[in-house]
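So that the names make sense, note that chain A is the first sequence line, chain B the second, and so on, each numbered from 1. Keep in mind that what you see is a predicted model, and the values were worked out from it rather than measured.
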There are 2 protein chains.
Amino acid sequence: MESSSATRGGSTRREATRQKLYEAAVTLIAEQGFSATTVDEIAERAGVAKGTVYYNFASKSVLFEELLRHGVGLLTASLREAAERTARDGGTKVDALDAMIRAGLVFIERYPAFTQLYVAELWRTNRAWQSTLMVVRQQAVAVVEGVLHEGVAAGEFSAEIDVPLTASALVGMVLVAALDWQSFQPERSLDDVHAALSRLLQGRVSGRSGS
Amino acid sequence: MESSSATRGGSTRREATRQKLYEAAVTLIAEQGFSATTVDEIAERAGVAKGTVYYNFASKSVLFEELLRHGVGLLTASLREAAERTARDGGTKVDALDAMIRAGLVFIERYPAFTQLYVAELWRTNRAWQSTLMVVRQQAVAVVEGVLHEGVAAGEFSAEIDVPLTASALVGMVLVAALDWQSFQPERSLDDVHAALSRLLQGRVSGRSGS
DNA sequence: GTTTTTGCACTGACCAGTCAGTTCAATTAC
DNA sequence: GTAATTGAACTGACTGGTCAGTGCAAAAAC
């Protein structure tokens with residue numbers, strides 16, 4: 001009767017089911033919102049019985065909360081990796097920001113539904129998962145702020161910039177541009193979008209340089 | 001249309017009731033989302049009977065849709081006014097963008113709940129008011145795009161910029177920075193936030209020193 | 001006297017969460 | 001080998017509650 005969780009470190013079956021539920025939930029909630037999405041819908045899209053949802057998650061809210069944590073975790077890791085890679089390669093801090101913009105675009109291209117859902121919840125108040133959201137948001141933004149701080153310390157950026165606000169603005173720039181890209185011109189290439197945002201980042205908008 | 005105080009598309013009394021309902025709905029929906037907000041709540045917060053809601057609006061969705069139209073209409077008018085005022089005063093296109101950034105901040109400071117709710121709905125699909133949202137969104141973004149186009153035509157901006165994408169990015173920059181401002185540092189002054197965004201717009205981030 | 005609002009009871013659809021029962025892969029017994 | 005046993009994973013009908021929208025007579029506002 002020993003804990004025969006013989007199937008190495010947590011059953012694979014269960015993990016697969018949870019993954020299917022995440023994938024089903026993310027699209028439905030992105031399209032319709034949390035409250036308008038029913039557990040029955042999620043179960044059906046995942047090809048699973050309703051009871052299975054409750055076997056795997058304590059409630060609809062908990063499912064959503066874990067989904068948020070999981071998704072933002074991926075983004076944060078990706079941003080951090082981009083910043084570190086740039087630093088290792090001896091790039092400037094502007095290069096690091098540029099690499100993070102690209103990492104953001106790659107993420108959004110890959111998980112557009114998650115991004116959409118995240119934005120829709122981010123500034124809400126009075127919701128069960130508010131505090132969770134706060135924590136993961138800060139982890140992601142902190143990566144951007146870190147690069148800005150280092151840039152100021154190294155004299156690459158003006159000492160007068162407002163780090164948190166500039167970080168927010170940069171995040172917003174990428175977020176909205178990318179969501180519009182996915183919604184209205186999904187056929188455009190990532191490189192194309194990235195180039196346009198790079199230009200903006202480096203202040204090469206004003207000042208002519210016609211083709 | 002006559003502009004007598006009593007006539008403005010209907011009786012004043014009715015208009016006042018509708019206004020109260022808008023105000024009640026906007027806060028509740030911003031906090032909780034559309035589906036999680038009940039008609040009973042809206043009526044109660046507006047200090048009005050439930051029947052009155054249905055006397056004034058065909059349905060909950062229609063109330064929300066008209067709310068969206070109304071709110072974005074205010075924003076669009078404000079952006080347009082800012083652009084035109086700058087043009088009249090002989091400002092550059094960068095000045096016009098800067099004035100529009102300020103107009104955006106003023107709007108968000110005044111109607112934070114509306115902004116929040118708007119962002120939450122903007123990239124959703126499969127919702128009843130999707131097409132309405134599309135139209136009003138485009139009206140607002142078109143104002144920014146117009147200024148960018150004029151700037152390119154006048155040689156003030158590089159001919160290589162991607163106008164729609166740059167417009168999206170600028171909107172995103174202001175939107176996210178302002179929402180974060182309102183959520184996390186509401187005590188900061190608008191001028192302060194505006195200054196930080198102006199700096200970013202004019203590419204005065206990289207490059208050391210300041211004014 | 002017409003328009004607007006109120007108050008409130010009512011309905012029918014919908015939905016989160018429950019639970020008694022089933023499936024199945026792995027383990028143990030023979 | 002194969003039969004019996006175990007327990008985690010899964011199922012889906014069911015329940016208790018919620019909510020959008022209705023109907024209407026009476027009051028208030030204009």
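Projected onto DNA chain C by closest heavy-atom contact, B:G47 and A:V39 fall at different nucleotides, the more 5' of which corresponds to B:G47. Projected onto DNA chain C by closest heavy-atom contact, B:T17 and A:A36 fall at different nucleotides, the more 5' of which corresponds to B:T17.
When distances are taken from the side chain of A:N56 to each of C:dT5, D:dC10, C:dT18, the shortest belongs to D:dC10. For B:R13, counting side-chain heavy atoms from C-beta on, the closest listed nucleotide (C:dT4, D:dG21, C:dG17) is C:dT4. Of the candidates D:dT11, C:dC15, D:dG21, D:dT11 carries the atom nearest the A:A49 side chain, counting heavy atoms from C-beta on.
Taking the six-membered ring wherever Trp is involved, the centroid distance between the rings of A:Y22 and A:F57 falls below 6.0 Å.
Put simply, the side chain of B:R127 never gets that close to the backbone of A:E31: no donor and acceptor are under 3.5 Å apart. Of the possible donor and acceptor atoms, one in the side chain of A:S183 sits under 3.5 Å from a partner among the backbone N and O of A:L179. Proximity of a side-chain donor or acceptor of B:Q116 to a complementary backbone N or O of B:A30 within less than 3.5 Å is detected. B:E41 places a side-chain N or O within donor-acceptor distance of the main-chain N or O of B:T38, the cut-off being under 3.5 Å. Counting only distance, with no hydrogens or angles, the side chain of B:D98 and the backbone of B:D95 share no donor-acceptor pair below 3.5 Å.
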Exercise for the section: Evaluate salt bridge (Lys or Arg N to Asp or Glu O under 4.0 Å) for A:R18 paired with A:E66, printing each intermediate quantity in order. Expected result: CA-CA 10 Å; A:R18 292 169 82 101; A:E66 298 198 4; 3.0 Å; yes
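Taking 4.0 angstrom as the limit, A:R14 places a side-chain polar atom (N or O) nearer than this to OP1 or OP2 of D:dA9. At least one side-chain nitrogen or oxygen of A:Y55 sits closer than 4.0 Å to the OP1 or OP2 atom of D:dA9. OP1 and OP2 of D:dA9 both lie 4.0 Å or more from every side-chain N or O belonging to A:T52.
Atom pair B:E44:CD and D:dA20:P shows a separation of 13 Å (rounding to whole Å applied). Nucleotide D:dT22 holds its P atom 15 Å from the CZ atom of B:F57, rounded to whole Å. Rounded to whole Å, atom P of C:dA16 lies 12 Å from atom CG of A:L28. In this entry the distance linking OH of A:Y54 with P of C:dA20 reads 18 Å, nearest Å. Between the CD atom of B:E15 and the P atom of C:dT3 there is a distance of 18 Å, given to the nearest Å. Rounded to whole angstrom, the span from the NZ atom of B:K20 across to the C1' atom of C:dT6 amounts to 12 Å.
Residue contacts shown for B:V48 are limited to sugar-phosphate atoms, with no base heavy atom under 4.0 Å away.
Summarising the geometry, atom CZ belonging to B:R199 is positioned 12.0 Å from atom CG belonging to B:L201; distances are rounded to the nearest 0.5 Å.
The closest side-chain donor-acceptor pair between A:W181 and A:D192, if any, does not fall under 3.5 angstrom. Side-chain contact of A:E15 with A:Q19: a donor-acceptor pair under 3.5 Å is absent, judged by distance alone.
Near DNA chain D, meaning a heavy atom under 4.0 Å from it, residues 58-71 of chain B has B:S59, B:K60 in order of number.
For B:K60 and B:F34, the positive end sits near the middle of the six-membered ring, less than 6.0 Å away and at most 45° from its axis.
Consecutive Watson-Crick or G-U pairing (both distances under 3.5 Å) extending over three or more pairs maps onto DNA chain D as C:1-30 with D:1-30.
Looking at A:R188 and B:D162, their side chains come closer than 4.5 Å, going by heavy atoms from C-beta outward.
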Anything under 3.5 Å between a protein N or O and an N or O of nucleotides 14-16 of chain D, put it in a table, one pair a line.
none

